[in-house]
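In the text below, chain A, chain B and the rest are named by the order of the sequence lines, each starting its count at 1.
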Number of protein chains: 4
Amino acid sequence: MSQARARKAVEVMTTAGKPRNADATRAKILEAAISEFAARGLEARIEDIADIANANRRMAYYYFGSKEGLYLAALEEAYLQLAQAEESVDVDALSPTEAVAALISAKFDHFIAYPQYIEFVKIENVYRARHMKESQRIAELCDPLITNLERALKRGQATGEFRHDVTAFELSMMIASLAFFPVSNQHTVFAIFGTDLTEPATVERRRKMTIDMVLLYLAQKQARQSD
Amino acid sequence: MSQARARKAVEVMTTAGKPRNADATRAKILEAAISEFAARGLEARIEDIADIANANRRMAYYYFGSKEGLYLAALEEAYLQLAQAEESVDVDALSPTEAVAALISAKFDHFIAYPQYIEFVKIENVYRARHMKESQRIAELCDPLITNLERALKRGQATGEFRHDVTAFELSMMIASLAFFPVSNQHTVFAIFGTDLTEPATVERRRKMTIDMVLLYLAQKQARQSD
Amino acid sequence: MSQARARKAVEVMTTAGKPRNADATRAKILEAAISEFAARGLEARIEDIADIANANRRMAYYYFGSKEGLYLAALEEAYLQLAQAEESVDVDALSPTEAVAALISAKFDHFIAYPQYIEFVKIENVYRARHMKESQRIAELCDPLITNLERALKRGQATGEFRHDVTAFELSMMIASLAFFPVSNQHTVFAIFGTDLTEPATVERRRKMTIDMVLLYLAQKQARQSD
Amino acid sequence: MSQARARKAVEVMTTAGKPRNADATRAKILEAAISEFAARGLEARIEDIADIANANRRMAYYYFGSKEGLYLAALEEAYLQLAQAEESVDVDALSPTEAVAALISAKFDHFIAYPQYIEFVKIENVYRARHMKESQRIAELCDPLITNLERALKRGQATGEFRHDVTAFELSMMIASLAFFPVSNQHTVFAIFGTDLTEPATVERRRKMTIDMVLLYLAQKQARQSD
DNA sequence: AATGAATGAGATTTCATTCAT
DNA sequence: TATGAATGAAATCTCATTCAT
């Protein structure tokens with residue numbers, strides 16, 4: 001929007017040689033790419049991204065090599081934000097039960113704050129994680145997601161508050177399922193049932209139910225089996 | 001090629017019956033479309049679909065009007081299979097608890113049997129249900145999914161087995177979340193954590209956990225109402 | 001352009017032998033062709049023509065050989081109507097002046113009654129009379145148009161009512177110009193000036209002006225011959 | 001999908017500039033489009049136009065957005081030439097009679113000099129001015145055609161040389177009819193009567209007759225009626 | 001006489017990408 | 001660093017026409 005104007009001002013001052021602001025251009029293209037890829041999936045067009053970024057199409061190639069390169073950069077950016085989201089929870093300062101509740105709640109907050117994240121994950125799964133497999137970085141970024149949860153779970157199992165027949169990974173999948181699906185599938189749900197799952201009251205109700213459900217499951221003492 | 005084999009599949013209306021069979025051609029194109037769209041999303045190519053169906057590319061337009069028309073037909077077909085999947089459960093012949101468990105289990109079975117369903121739902125959500133909104137039929141097909149569950153829930157609440165502060169729709173979303181996510185997001189999960197969520201043992205473990213979790217939640221007597 | 005042209009299932013009830021009405025089918029196709037070609041030019045589609053005629057597309061080929069054959073048949077039909085239009089004027093029973101006025105008036109009537117004629121002539125001129133050149137018949141049909149006028153003109157020149165330095169062909173072109181153009185070019189005139197040249201009052205005004213103008217010209221005694 | 005993405009004309013100042021010259025490429029494509037559309041109507045092929053212009057087919061889309069966009073640009077160009085044609089007549093420096101004669105004559109000259117104009121008008125009328133309606137510009141360009149004539153007519157009526165019961169618009173239609181039709185319909189006339197209306201002697205004869213006829217009509221003092 | 005099914009060829013259009021400055 | 005111009009390859013779609021009954 002007003003970015004366009006800003007660029008014009010810059011151009012005017014550089015008379016002879018034309019050293020523009022490299023990082024700024026790159027950043028604007030990346031930002032535009034995140035919003036466009038999130039909005040349209042791989043149908044997003046390089047030309048549109050460049051226009052939104054107020055940059056030349058050629059620059060996208062200059063900085064990111066190809067459309068897929070740009071997509072991957074945008075994807076990594078989305079996961080970077082995910083990792084940062086959970087840092088706000090100080091797992092070890094809370095009781096096991098509180099920590100699990102806080103981690104669940106943080107996930108809900110993150111999905112509200114960064115809806116693009118869910119878009120990218122949906123897209124990547126349609127493409128069978130084709131692009132993500134190229135990225136070493138994303139796996140590293142996601143590591144804390146499990147380890148944080150694991151510390152809380154282990155402590156709760158040690159104190160006897162939590163059942164033993166569940167792993168951190170399983171627990172993580174449960175939570176992710178309950179938090180992710182209603183957002184990722186909001187469109188088909190709305191088309192079929194006419195219910196808008198993004199309404200704040202609905203989201204809060206869901207947050208509470210999810211916490212209740214997970215803690216109830218963790219608190220249950222298993223009878224005998226374990227599979 | 002495999003033409004000889006494909007010919008055999010033709011229904012008996014023409015005496016000699018080699019070349020011209022409208023229904024068979026249409027059906028083969030639709031079948032090919034389902035597998036191609038599920039595999040590649042809207043990037044699937046009409047030419048490939050026609051080739052797989054052993055038909056002329058032009059015939060896809062003859063029967064379905066456009067690429068989007070063909071996609072929509074394939075989408076509806078996927079939902080038709082979903083509706084049929086749940087018919088196997090005789091909700092009213094089972095106890096409320098058994099009925100809920102059976103419905104959850106049926107969902108797991110369906111997702112194993114018709115993986116294309118999940119692909120279509122993922123794709124539609126990437127496209128923000130753009131195509132599904134055109135279809136009156138899909139909403140109708142999905143109606144029983146809620147009403148079946150509702151009958152079981154109501155009965156359980158009447159007998160006092162189930163808590164009262166949950167609606168059939170909420171329950172349905174819970175179950176769908178827990179069953180859908182690990183399949184829909186299997187690719188990114190695998191890329192990040194290296195865990196294959198489709199292994200039979202894993203699926204069975206998940207089926208059991210989901211049933212336990214949901215029934216535990218339903219059995220819980222809520223202290224005071226909230227929200 | 002025309003999106004959903006997907007085949008609909010159609011009930012069929014012809015049990016045994018199926019002797020349809022050959023002439024009627026041919027006539028309906030031709031009628032449909034006239035209205036479609038007049039409305040859309042050569043962009044008219046055989047499929048649409050067949051549908052309007054409630055006939056099978058194949059029948060158009062059966063009776064007319066090809067799209068161009070059908071077009072030519074429609075074109076000839078349009079000229080047939082033109083020839084018939086002028087038969088209503090009994091040139092020799094009227095005074096020369098009255099006869100010319102009547103022939104002009106008949107042209108105006110014809111253009112109102114058979115607007116398709118003008119459409120075909122426009123189309124043919126866009127195609128540089130490519131198709132009409134194939135037709136012996138059309139030239140024959142048009143012959144009376146000149147000869148009728150010629151008889152009136154000759155008589156008027158013999159009596160001294162009409163000037164001598166004009167031929168029947170030239171006179172015919174004048175009349176045709178004044179009558180044809182405002183109809184043929186009504187669309188661009190309307191687009192540019194916003195005037196609707198088809199309003200009855202406008203047409204009548206034009207009819208009168210044309211008669212006045214032509215008779216005035218014919219009545220003028222030329223000073224010296226030129227050219 | 002995204003229709004109008006056509007490049008806008010951009011100033012270019014490259015010194016040598018053989019291969020990359022935006023204006024030249026654009027201009028050559030437009031020029032080729034004018035001749036091809038005039039010759040073949042909307043059946044003209046983008047590929048042929050590009051070939052004639054010695055440009056890549058893609059560039060037609062780059063500069064004009066779509067085939068219709070290119071056609072519209074060509075159409076506007078044709079009307080631009082029309083407007084320029086009449087500028088040569090200095091209406092106010094001539095007597096009313098001379099001015100009308102000069103304007104008629106200029107129209108004949110224009111139709112000889114720019115035959116494409118007539119082709120475009122014919123085509124547009126076959127398409128019912130579908131494209132022209134999109135163009136604000138054309139109506140503006142045509143405005144002087146009436147106002148020039150109107151000034152001459154008004155002056156002649158003021159001096160008593162011209163009759164009063166005719167409007168500038170009516171007069172304009174008369175002139176246009178007499179000048180346009182023999183060119184626009186030359187092909188069917190030739191096919192039917194074998195007369196070539198484009199021969200110079202024939203054109204000159206027509207020019208004289210038209211001027212005589214119109215001036216005679218204008219000079220006539222109307223007896224009593226008025227429409 | 002009549003028809004539904006099928007096809008081949010070609011048209012427009014789209015888009016990522018590279019050229020040349 | 002930055003850019004407007006240019007391109008090739010492919011995808012969708014259209015349509016007249018023919019096949020086989």
- Message: Would you say Thr25(C) places a side-chain N or O within less than 4.0 Å of OP1 or OP2 belonging to dA2(E)?
- Response: yes
- Message: Please determine whether a side-chain nitrogen or oxygen atom of Tyr62(B) lies at a distance below 4.0 Å from atom OP1 or OP2 of dA6(E).
- Response: no
Atom-pair distance ([atom1] on [X]; [atom2] on [N]), nearest Å:
X	N	atom1	atom2	value
Glu68(C)	dA16(F)	CD	P	11 Å
Phe37(B)	dA11(F)	CZ	C1'	13 Å
Arg26(D)	dA5(F)	CZ	P	11 Å
Asn54(A)	dG4(F)	CG	P	11 Å
Ile49(C)	dT17(F)	CD1	P	11 Å
Lys67(B)	dT13(E)	NZ	P	18 Å
Leu70(B)	dC13(F)	CG	C1'	13 Å
Asp51(D)	dG8(F)	CG	C1'	14 Å

- Task: Would you classify Ala50(A) as touching base, sugar-phosphate or nothing, given that sugar-phosphate means primed atoms plus P, OP1 and OP2, and contacts are heavy atoms under 4.0 Å?
- Result: nothing
- Look at all strands and tell whether Ala60(B) reaches a base, only sugar-phosphate, or nothing, counting heavy atoms closer than 4.0 Å. nothing
- Pairing of Glu119(C) and Arg40(C) as salt bridge, 4.0 angstrom limit: no
- Walking DNA chain F from its 5' end, the first of Glu43(C) and Met59(D) to be reached, judged by nearest nucleotide, is Met59(D)
- Let me know, please, whether Tyr63(A) or Ile46(B) comes out on the 5' side of the other along DNA chain F by nearest nucleotide. Tyr63(A)
- Chi angles and distances behind the side chain to side chain contact (heavy atoms under 4.5 Å, CB included) call for Leu42(B), His131(B): CA-CA 11 Å; Leu42(B) 277 189; His131(B) 316 91; 3.5 Å; yes
- Given Glu47(B) and Asp51(B), is the side chain to side chain contact (heavy atoms under 4.5 Å, CB included) satisfied, shown in steps? CA-CA 6 Å; Glu47(B) 184 164 16; Asp51(B) 285 353; 4.1 Å; yes
- Query: Going by heavy atoms in the side chains, are Phe64(B) and Leu72(B) under 4.5 Å from each other?
  - Reply: no
- Message: Counting only side-chain heavy atoms from C-beta out, which of dT14(F), dT13(E), dA11(E) sits nearest to Tyr61(D)?
- Response: dT13(E)
- Item | Of the listed nucleotides dG8(F), dA11(F), dA2(E), the one nearest the side chain of Glu47(B) | dA11(F)
- Item | 5' priority, DNA chain E, between Gly65(A) and Arg58(C) [closest heavy atom] | Arg58(C)
- Item | Any donor-acceptor N/O pair under 3.5 Å between dT17(F) base and Arg57(C) side chain | yes
- Of Tyr63(B), Tyr61(B), Phe37(B), the residue whose pairing with Leu70(B) passes side chain to side chain contact (heavy atoms under 4.5 Å, CB included): Phe37(B)
- Message: What stems show up for DNA chain E when you take Watson-Crick pairs (N1-N3 plus N6-O4 or O6-N4) and G-U wobbles (N1-O2, O6-N3), both under 3.5 Å, and require three or more consecutive pairs?
- Response: E:2-21 with F:2-21
- Item | Residues Arg130(A), Arg128(A); criterion side chain to side chain contact (heavy atoms under 4.5 Å, CB included); working and verdict | CA-CA 5 Å; Arg130(A) 186 202 300 170; Arg128(A) 301 180 179 195; 5.5 Å; no
- Message: Gln116(A): which residues meet the side-chain hydrogen bond (donor to acceptor under 3.5 Å, both in side chains) condition with it, sequence neighbours left out?
- Response: none
- Message: If we count only N and O atoms by modelled type, under 3.5 Å, do the side chains of His187(B) and Glu124(A) hold a donor and an acceptor together?
- Response: no
